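Everything quoted here is computed from the prediction, not taken from an experiment. So that the names make sense, note that chain A is the first sequence line, chain B the second, and so on, each numbered from 1. Note: hydrogens, waters and symmetry copies are ignored here, and every other heavy atom, side chains too, is used.
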Amino acid sequence: KQEVTQIPAALSVPEGENLVLNCSFTDSAIYNLQWFRQDPGKGLTSLLLIQSSQREQTSGRLNASLDKSSGRSTLYIAASQPGDSATYLCAVPSVGGYQKVTFGTGTKLQVIP
Amino acid sequence: DVKVTQSSRYLVKRTGEKVFLECVQDMDHENMFWYRQDPGLGLRLIYFSYDVKMKEKGDIPEGYSVSREKKERFSLILESASTNQTSMYLCASSSWGGYGYTFGSGTRLTVV
């Protein structure tokens, strides 16, 4: 069974800082890995999807990397802004069925103005 | 803009009522999913469907059923709502080929 861990569970940083969120998974035989953000009381918004053949993906100030062999992904946020405050979750396909995913428990980020 | 639409943002229902949560996607995705999200427990899969009229149990199917009569619509049914089904319900869809999930905006259900 795939297990996904996100550390830290919560993070508070001053505006302008660069920061890294971590996602670890136990089974490295994955098809892809997806990062989401969730605002309070809302659904999940997809940020980046990394295919297993890729090492990283970039979108604006966000950069996600994937190291399958070590079972890790990182989400790098450059020049953080108060609007980045949200919970960030990673999602990894479950073993035996790539259309079912296992979600991490998330990192709650607060960016202080 | 592609979308997964959940019919209600907030619902309040009484114990014992039959409750329908509706989800519609416009991306021609084969796969659709229902999750519930609770503080400290994360997202838990209730049911999913990989084709019309097909359904598979997830991790917590007890007390729920689903219906998928058309490709674009996936309904979650609470046969007799109970207070422990108070939660945030999230619908998602995906296509074959590993292109990731798209989520709806969620339905906050309160059972009183």
- Message: More than 12 heavy atoms of other residues, nucleotides or ligands under 6.0 Å from NZ of B:Lys71: yes or no?
- Response: yes
- Note on the structure: Closest heavy-atom pair, B:Phe103 versus A:Leu44, reported as atoms and distance to 0.1 Å, is CB-O, 3.3 Å
- Query: So do the side chains of B:Met88 and A:Lys42 get within less than 4.5 Å of each other, counting heavy atoms only?
  - Reply: no
- Is chain B contacted by the side chain of A:Leu49, its backbone, both, or neither, given a heavy-atom distance below 4.5 Å? side chain
- Per-residue contact mode, B:Arg44 against chain A (heavy atom under 4.5 angstrom): neither
- Going hydrophobic residue to hydrophobic residue with side-chain gaps under 4.5 angstrom, can you get from A:Tyr76 over to A:Leu47? no
- Query: Should A:Val92 and B:Tyr35 be counted in the same cluster of Ile, Leu, Val, Met, Phe, Trp and Tyr side chains packed under 4.5 Å apart?
  - Reply: no
- Which pair of heavy atoms, one from B:Leu43 and one from A:Phe103, lies closest together, and at what distance? CB-CD1, 4.1 Å
- Message: In this structure, would B:Ile46 and B:Phe74 fall into the same cluster of hydrophobic residues linked by side-chain contacts under 4.5 Å?
- Response: yes
- Can you tell which part of A:Ser46 gets under 4.5 Å to a heavy atom of chain B, answering side chain, backbone, both or neither? side chain
- Item | Contact origin within B:Gln37 toward chain A - heavy atom pairs under 4.5 Å | side chain
- Query: Relative to chain A, which of B:Gly42, B:Ser105, B:Gly40 shows the most heavy atom pairs under 4.5 Å?
  - Reply: B:Ser105
- Can you hop from B:Leu76 to B:Val24 via hydrophobic side chains spaced under 4.5 Å? no
- Query: Does the gap between the ring centers of A:Phe36 and B:Tyr101 come in under 6.0 Å?
  - Reply: no
- Shared hydrophobic cluster for B:Val111 and B:Ile60 (ILVMFWY, side-chain gaps under 4.5 Å): yes
- Answer with side chain, backbone, both or neither: which region of A:Leu33 has an atom nearer than 4.5 Å to a non-hydrogen atom of chain B? neither
